[in-house]
Each structure stands twice: as C-alpha cells, then as structure tokens.
Amino acid sequence: MESRSQHLSESDGLDIASPDPAETVLDLVRNASFPSVSPRAVKKTWKVAALKTRALPDPWAGFQLEVIPEERAIRHMYDPRTGRWRQDEVVVKMQSERFARGAMRECFRMKKLSKFSQHPDWHNASNYVAKCYMKPVERRVYFEDVKLQMDSKLWGELYNNCDPPKKVDFFQTYILEMKEREDTPLYCVEHLIEGNYIKYNSNSGFVSEVNRLTPQAFSHFTFEKSNHSLIVVDIQDTH
C-alpha cells in the first residue's frame with residue numbers, strides 16, 4: 001500500500017491538540033503487546049518469498065536494463081522506531097527515459113544489485129521504481145515523503161496487532177542520492193509491484209466507490225488511535 005498522512009489542527013475545523021505524529025505512533029508501539037516472532041521464522045519467511053520471486057519471469061526483461069551503465073548512489077533509509085536515518089552505498093542501473101508519470105512525479109525503471117551478491121548478476125537483480133518530482137522542490141521534501149511512508153508502515157503494524165480480518169502493509173521506501181550525477185539528484189525508490197493501482201481515499205475527501213472496507217477501516221483507525229491528531233489517507237494498492 002501507499003499512503004499519505006494528514007495532520008489535523010484547528011484550521012481543519014477540529015478543536016484538538018496536535019502532538020508530533022511520530023511521537024504518537026512510537027508511544028503506541030512501545031505500549032503495544034505484539035505477538036512473539038522468532039528471527040528464524042522471519043528469515044524462513046523471507047527466504048521462501050525470495051525463492052518464489054526468483055522463479056517468476058522478469059516483467060522488465062525486454063527493456064534490457066542490464067546493459068545500462070552502473071551508477072553508485074547513496075541510499076538513505078529511515079527507521080520510524082528510532083526516528084533516525086542511516087546511509088549506505090548501493091549500485092544501480094536506471095533508465096534515462098521515464099515510463100510513467102503522475103500529477104507531480106515521474107517514474108523510472110531501475111535495478112539494484114544485492115548487497116550480498118559476490119558477483120554482479122543484473123539479470124536476477126530486483127526491479128524497482130525510482131520517482132522524482134517533475135518540478136524543482138526542496139530536497140527535504142523527498143525525506144519528508146519517505147518519513148511519512150515509513151511512519152504509515154508503523155501505523156500498519158499497530159492496526160495488524162488488533163487482529164483485523166485483513167491485515168495491511170506498506171511499501172518499504174528509501175531515498176537514492178545519485179552522487180555521480182551533476183547536482184546529485186534525489187529519487188524516492190520502492191520495489192516494483194505489478195498490477196493496476198486503485199486509490200481508495202484521499203486527503204481532499206475522496207472515497208472510492210470500490211467496495212473495500214479495509215482501507216477505510218485503517219484510515220479511521222489511525223484517526224481514532226492518534227486522538228484525532230492525524231489520519232493516514234491516500235490509500236492505494238494493486239490488483
């Protein structure tokens with residue numbers, strides 16, 4: 001899922017306090033009782049998922065991303081539990097021509113070499129979507145976008161801890177700083193997930209006519225659980 005967090009205040013017609021949303025969700029997480037899951041079980045689950053993914057045909061095989069020159073970039077990752085950013089260096093290949101665009105951002109096909117690869121294997125490298133703003137924005141905007149997405153992921157964990165009929169999860173996103181390019185441009189990056197995207201609500205009051213209860217229930221959950229200080233909206237997923 002993708003999302004956007006809207007912070008509510010008196011200007012939104014609500015006479016409420018507005019604590020830092022990150023502190024709100026962190027306090028709730030610290031006080032929550034999560035099911036115990038062993039590291040071995042998590043590792044096994046990811047291993048099974050990775051094997052299934054590698055068995056599937058590459059949907060981008062025809063675009064020959066493996067012949068594009070390599071680029072080294074700095075990856076900025078945000079941990080919503082600690083509120084801290086960490087960086088490492090990665091090797092990527094990104095198309096110069098966009099393949100899609102939205103109202104504000106354009107999208108580029110990208111592959112990233114695994115940090116665990118002993119030899120470059122671009123044919124089996126994971127597919128990613130790199131997004132950048134079409135009009136100039138301050139660099140902090142990219143970091144705010146990723147922070148909101150990762151905070152929403154933490155809200156998803158809280159929601160799932162209530163054992164709803166259907167659980168939710170959010171894209172793991174990060175920022176790439178293309179250090180070898182002029183002006184070191186930034187991109188928001190997420191794994192490629194195939195399918196047709198459907199938006200279920202928005203921060204302008206839109207609610208989809210598609211009969212799905214989980215997206216609306218999750219947004220309502222964040223509103224109530226944050227004591228009406230925020231609501232996670234702009235919920236969308238793929239089919």
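Just so you know, these numbers come straight off a predicted model, no measurement behind them.
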Inset, instruction - To the nearest 0.5 angstrom, please state how far the OG1 atom of T173 sits from the CD atom of Q149. - result: 5.0 Å
Legend entry - Gap separating the OG atom of S208 from the CG atom of N201, nearest 0.5 angstrom: 9.0 Å
Legend entry - Derivation and outcome, side-chain contact (heavy atoms from CB on, under 4.5 Å), residues R72 and K179: CA-CA 7 Å; R72 294 189 178 277; K179 67 175 187 175; 4.0 Å; yes
Legend entry - Check: K225 and W155 side chains under 4.5 Å, non-hydrogen atoms: yes
Inset, instruction - Using the rule that two of Ile, Leu, Val, Met, Phe, Trp, Tyr join whenever any of their side-chain heavy atoms come within less than 4.5 Å, decide whether Y128 and F63 are in one cluster. - result: no
Legend entry - Mutual orientation of the aromatic rings belonging to F221 and Y159 [parallel < 30°, tilted 30-60°, perpendicular > 60°]: perpendicular
Inset, instruction - Evaluate the side-chain proximity of Y200 to D237: yes if any heavy-atom separation is below 4.5 Å, no if none is. - result: yes
Inset, instruction - Classify the angle between the aromatic ring planes of F223 and H220 as parallel (below 30°), tilted (30 to 60°) or perpendicular (above 60°). - result: tilted
Inset, instruction - Side-chain contact test, heavy atoms from C-beta onward, threshold under 4.5 Å: evaluate it for M178 versus T184 and give yes or no. - result: no
Inset, instruction - Compare all side-chain heavy atoms of D58 with those of H123 and state whether any distance is below 4.5 angstrom. - result: no
Legend entry - Electrostatic pair K111:E66 at N-O distance under 4.0 angstrom: no
Legend entry - M94 and I68, any side-chain heavy atoms less than 4.5 Å apart: no
Legend entry - Residue pair F170 / L154, side-chain heavy-atom distance below 4.5 Å: no
Legend entry - Worked check of side-chain contact (heavy atoms from CB on, under 4.5 Å) between D88 and Y174: CA-CA 11 Å; D88 64 2; Y174 56 82; over 6 Å; no
Legend entry - From CG (L230) to CG (L148), nearest 0.5 Å: 9.5 Å
Legend entry - CA sep, side-chain torsions, deciding dist, call: Y187, M110, side-chain contact (heavy atoms from CB on, under 4.5 Å): CA-CA 11 Å; Y187 291 83; M110 190 192 91; over 6 Å; no
Legend entry - Qualifying residue, where the test is side-chain contact (heavy atoms from CB on, under 4.5 Å) with P215 and the options are D234, V207, I235, V168: I235
Inset, instruction - Please tell me if the side chains of V137 and Y142 come closer than 4.5 Å, counting only heavy atoms from C-beta onward. - result: yes
Legend entry - Side chains of M150 and M77 in contact at under 4.5 Å (non-hydrogen atoms): no
Legend entry - Row check, Y133 ring normal vs R105 NZ/CZ: under 6.0 Å, within 45°: yes
Legend entry - Salt-bridge present (D79, R84; N to O < 4.0 Å): no
Legend entry - Hphob cluster co-occupancy, W60 + W122, side-chain heavy atoms under 4.5 angstrom: no
